[in-house]
Structure formats: structure tokens, C-alpha cells
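Because only heavy atoms are used, hydrogens play no part in the values below, and waters and symmetry mates are left out as well, while side chains stay in. Residue numbers start from 1 in every chain, and the chains themselves are labelled A, B, ... in the order their sequence lines are given, proteins ahead of strands.
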Amino acid sequence: MASLKVQETPLFLETERAARLFCLIYEPSHPPRAAILYCNPLFEEHIHSYRTAVNFARHASSLGYAVMRFDYFGEGESDGLFEETTVSSRVADILTAASYLRQRLQAEVIYLVGLRFGATLALLASETDHRIAGVICWAPLLKLVDYLHDLLRLNIASQLVQWKGVKFSKDALAERMYRGETISLEGYEVGRKMYEEATALDLTKKALKSACKVLVLQPVTGAVSDTETAEFIAVNSAMDITLKCLIKNLFWLKLPIPDPACEYLYEASMQWLVNPEAHLGNTGQVHE
Amino acid sequence: METPVKFMNRRGHYLFGMLFKPDNGHPPEVGILMCVSSIKHRIGPCRLYTLLARALCLQGYQVMCFDPAGVGDSEGSLDKKSLAEQHLDIQKGKFREDIQDAIGFCLDHGATERLILFGLCGGAVSAIIAGASDLRVNGLILLAVPVLLERVATQEASSRQGGLGMKLRPTREAPAILRKATTFLSLIKVRCRLNAREVLGRFTRFGGRCRLAVPAGRAGESGEALTVSSHPRFNHLFLHAFYGFASAGKRILFVLPENDLSSWIFKSEFQQSVLTEGSPYRSAVDVHMVLGANHNFAGRSSQQKVLDVITPWLARHTPAK
């Protein structure tokens, strides 16, 4: 199928809090087949994977889908500061963006695509917005506590560089947050509510209240726990979840080869989007 | 007021940017163009560029952050190279043309009379290289500028003559023990086997001992060469750009993060040679060390300190009004 001409439109979307979210919409020249809302990961993973998200949006829109990418409040070029945000505020931003996209395109069908923490947030958003037809999760974080603890360890490592010793242990950092201060995780200021909400998230223990279809794409190697993914699927047995282990380059990390080719990832996502009933299969076959 | 913008570069690619224009009703007289670091997009690490742009815009400056071709939301694509090679290309001026095209866009879309280039790390090198050859640029703000070229495996992969006349194969074809060598020391051990002619040849190739020619009459003794650095990876493009910019009487602010190796290399390989007491370039240059900052000035405290350094410097040399 020939690629369609695509119009890329940047805009600021106003939320209920009268804050602006920076968005980019990719619209094909013909009425779109469906709408896709891309949900960013957090912290530096957002920076490292930025171009991959851009390439995905351009790829999907050239196939006839309207795609919207946006920055959460407190991130990117949206209003606000990171320390003013929480998990809930980001879910609210996704719902706002989805609502806008639906209205702008008169679209009945919206899919969410999320990477890492963005995938987690997309799943949470699908619990509230039951008109989300499906969620595509790229290497979703299913248990956030380990992820946040790894970021805390980075903070401690940076203390060793700065002060030649640990001034604030993990417990001391947590104590600072509980006192109302923020702590720096990868250079981003995190407050108590954000930390508490994130560390409490465990999608392997409680079923999602969502009826949408889900595609989970995980890395080929053991970058993500197979057990966690299996537990997530088991606890959400009432949902239609497809799992495929095919991500071969962890593009959200700072890689020696930047901007790796991820066409296989886009194609797998779009194939499922076109026909989620025809499961891709759980054989973990890698696309070259 | 923040406005997303698009403009075409000389190669026909649309480049994406964010223009921050003051809302005070006065046309801005000073513009600041922020040059991306590495191949990260225009918001900068930990949103540094966006936050600084907003703060400077509130002070009355027009600021633009933009993505060069192949980066962020701009068209085009990067060469299929490793990150180290991308950095090396940037340090050699890869983004110079896009920056100069962005300068043109900035000046066309604001009543700015003066333009400052701003950059972190690779963005700093890009800024000084682009600014040195552009009369429209009046000042530079350079954060964590690397004065050495990125170390890339291919640099050491060219064939060498061993001390016994044995030809050492390029790194990629080297025996497994060399391929697995991950320390610079291992490569140094190999290099020590080179014969004297090869050593001299390599120094010549890398411009090993960079000499800054001081204009007659400005250093006391006419035509006296000033030795800057003997480091084989010293970036002489940076040096020449510095010379070109500073000798035109334009101002440069170097902002160095305390907890970053690049700051100490800057001091030892450049500052201690070029910006000594009595140097004709000292009056054009300010150097500030931000205590507690890492390479990206990550964290709200470091970002605020950067703003606290930049604000008075701008007010002194290029006030908004």
C-alpha cells in the first residue's frame, strides 16, 4: 500500500486545570482508519526513545492512522514542573488527550500505545475510559517498586561522585519525601505522592478493570521478568491479552547505536491493530 | 509566548523548533539560540533547555530551541553510525549548517539585534564552531564544553607499524584478546610498540600539538606561537573557533560542572594555556564553575545555579532591553 501524505501539526491542548499540554498530531490526508495515542515513558527513557516515538508516529500515519504524541504535564514542553506531577496526573493527561483526539477526528476507535512506564499508564487509563479499544504495551513496567528503587540507587551512586560518600541513604531519601521535600531521580524531582503512587503500582497482583484488548511486546532477552509478565496475564485472565517477545534493542536506554531500526516493532504493533483477533502468537519469534 | 515553528534548512529538510517570545509588548532585542547536546532533542537533558528558555524569556529574551535534521521532530535522518561516531561528527561541526539556518530564522522572526548561541556539551562545540564563522552571532554561552574529540574505535583502527616492523591490524580484525580489550590502557600498551616515525605521523594526523598563533602586537612578542595542548585528541576545530570568535572581541561564557571530567580536561588542556594572566583573550571570556553539578546539570538545584550564572552575564553584556 502506498504511503499516505501526512500532516504534522503541533499544538497546545488545554486541560481542566488550565494547564497546557504540548501535542503533535499526525493526520493522513484521507479520513483515518483509527486513532492512536502514544504514551511516553518517564525520566531519561523519554529522551532516549524520543526519535523512536517520532518514527512510529510517522510510520503509523503513513498507513492511514491518525497519531497523537503529547508531553505529560510537568514534562517536555508542556506546562508545569516534574515535581508537581503524580501517576494520577499523568493518567488524567492521557484521558484528556484521548478525549481531544476523539473529538478532533470524530473517531470512535482509539488505541493507546505506551512504552515502559507509558504502557503502565495507558493500561491504567483504559480502566477509566472504556472507549479505548486496545492498548499496545512496549516493554511495560508491571511492578514499579523495583524500577523506582533502581532510580534511588542511581541517586546514591551520584552522591558518591559528588560527596565521596553517601549523605542520604535510601531510607533517608524516603524520609525527605515524606517531609514534603523532593528527591532527584535521574535529575528529575520526585515528590512523595508520585513516589507513593508509583511504588504501590503492581499490575501482577490486581486485575485491571478494563475490557480492552491488550498486546504486550516484551524484549527477547531477560530484560523484563518473564514471571511478572506471566503473573500479569494470569491475574487478568478475563482480558484478551496477546504476548510476544520480540523487542531486540532496548531503545529506551542510552545505546551505543542510537536510533536503532524498530520497523519490526512498528509492523508487529500495526498488524495487531489491523486484526487483534488474529493473535500474533506467543512463540516469541524475532522479526529480523 | 511559546510557539512551535518549522523552517527549512538549506538541504530541504523541515526543522522543528520552539520559539519563546516575551509577552511584554516590546520587541526583543536579544535572541538566544539553543543548540542540542548530543543527538538529544531540543528540550535538553532533564528538560534543561526548556526550563532555561522559559526563564530567560521572562527576562525579556527571545529564545529558540530547535532540532537539527535527523533529531527530535525534524525531518531527515542520522547517519548509521555509533553514538561515539555521532559525537565525533558533532564535535567536527556536523550541525553547523543547521545552526546557521536556524540563526537566519531567528533573526527573521524577531526584532533581535544581537544573537547569542547556547549549548551543552556537543551543543557547546556546535555553537562555537557555528558562531565563529557567523558575523550575526554576538556571544556564546557554553556549558560543559568538551575540548577533546570523542574517542572512537575507528581512530585506533587504522593500520600501524609495530616496533618490529609487524603491522598491527585494525581493531575490528584484531585478535580476540585485543577486541575484548575494553580499557584505554590496553590500547596504550599496543601503541607503545609503534616506531618513532609512526608516532610522529600520528601526532601530525591528529594535530597533536596545537599551536594557537597569537596576532602580532597582542601578546607582547610578534608572531609568538602559544602551545595549548599536546593531547592527541585535542579538538583543534574548537581552538580555531575560539580564536576566531574571541579575537573579534565577542564574549564567551564557559559554565563548567564541578563533578564532570570534561571540566578538568578543559582546565588542564585549554584554560591553563590560553586564559592565563595577561592573555589577550581573558577579557573576552568568563569561566564559572557550578558546584555540585554533573555533566548534564541534572537536578533543580544545578539548573537554578546555571540560570544564576547566565542571568547576570547576559545583563552585563547583552541586556534584554
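- Of all residues spanning residues 298-309 of chain B, those with a heavy atom less than 4.5 Å away from chain A's heavy atoms are B/Ala298, B/Gly299, B/Arg300, arranged by number.
- At least one side-chain heavy atom of B/Asp73 sits less than 4.5 Å from a side-chain heavy atom of A/Leu24.
- Surrounding CZ of A/Arg17 are more than 12 heavy atoms belonging to other residues, nucleotides or ligands, all under 6.0 Å away.
- Distance alone, capped at 3.5 Å, places no donor-acceptor pair between the B/Arg47 side chain and the A/Tyr188 backbone.
- Contacts of B/Phe297 with chain A are absent, with no heavy-atom separation under 4.5 Å from either backbone or side chain.
- Counting heavy-atom pairs closer than 4.5 Å to chain A, the top residue among B/Ser77, B/Ala84, B/Gly70 is B/Gly70.
- Expressed to the nearest 0.5 Å, how far CD1 of A/Ile47 lies from CG of B/Asn296 amounts to 9.5 Å.
- Under the 4.0 Å criterion applied to side-chain N and carboxylate O atoms, A/Arg20 and B/Glu2 are assigned as salt-bridge partners.
- Side chains of B/Met18 and A/Phe22 form a contact here, defined as non-hydrogen atoms less than 4.5 Å apart.
- Residue contact with chain A, scored on non-hydrogen atoms closer than 4.5 Å, is absent for B/Leu291.
- In terms of non-hydrogen atom pairs under 4.5 Å with chain B, the most contact-rich of A/Lys254, A/His48, A/His46, A/Arg69 is A/Arg69.
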Under the side-chain contact (heavy atoms from CB on, under 4.5 Å) criterion, do B/Val71 and A/Arg51 qualify, and how do the steps go?
CA-CA 7 Å; B/Val71 175; A/Arg51 188 68 176 186; 5.6 Å; no
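- Counting heavy atoms from C-beta outward, A/Leu81 and B/Leu51 have side chains that approach closer than 4.5 Å.
- A/Glu8 touches chain B through backbone and side chain together, each having a heavy atom under 4.5 Å away.
- Contact of B/Lys6 with chain A is made through the side chain alone, with heavy-atom distances under 4.5 Å.
- Here A/Gly76 is the residue among A/Ala261, A/Ala53, A/Gly76 with the most heavy-atom pairs under 4.5 Å with chain B.
- The shortest side-chain heavy-atom distance between A/Phe43 and B/Cys46 does not fall under the 4.5 Å cut-off.
- Shortest non-hydrogen contact noted between B/Ser82 and A/Pro258 is C-CD, 3.8 Å.
- Among residues at least two apart or in separate chains, salt bridge (charged side-chain N to carboxylate O under 4.0 Å, His left out) pairs with a member in residues 150-159 of chain A are A/Asp150-A/Arg153.
- What you find for A/Leu255 and B/Leu83 is that their closest heavy atoms are O-CD2, 3.7 Å.
- If you tally non-hydrogen atom pairs under 4.5 Å between each of B/His41, B/Lys40, B/Arg42 and chain A, the highest count goes to B/His41.
- The nearest pair of heavy atoms linking A/Glu77 to B/Thr50 is CG-OG1, 4.0 Å.
- The pair A/Asp259-B/Lys80 fails the salt-bridge criterion, with no side-chain N (NZ, NE, NH1 or NH2) lying under 4.0 Å from an Asp/Glu carboxylate O.
- Contacts with chain B were tallied for A/Val54, A/Thr182, A/Leu185; A/Val54 has the most, counting heavy-atom pairs under 4.5 Å.
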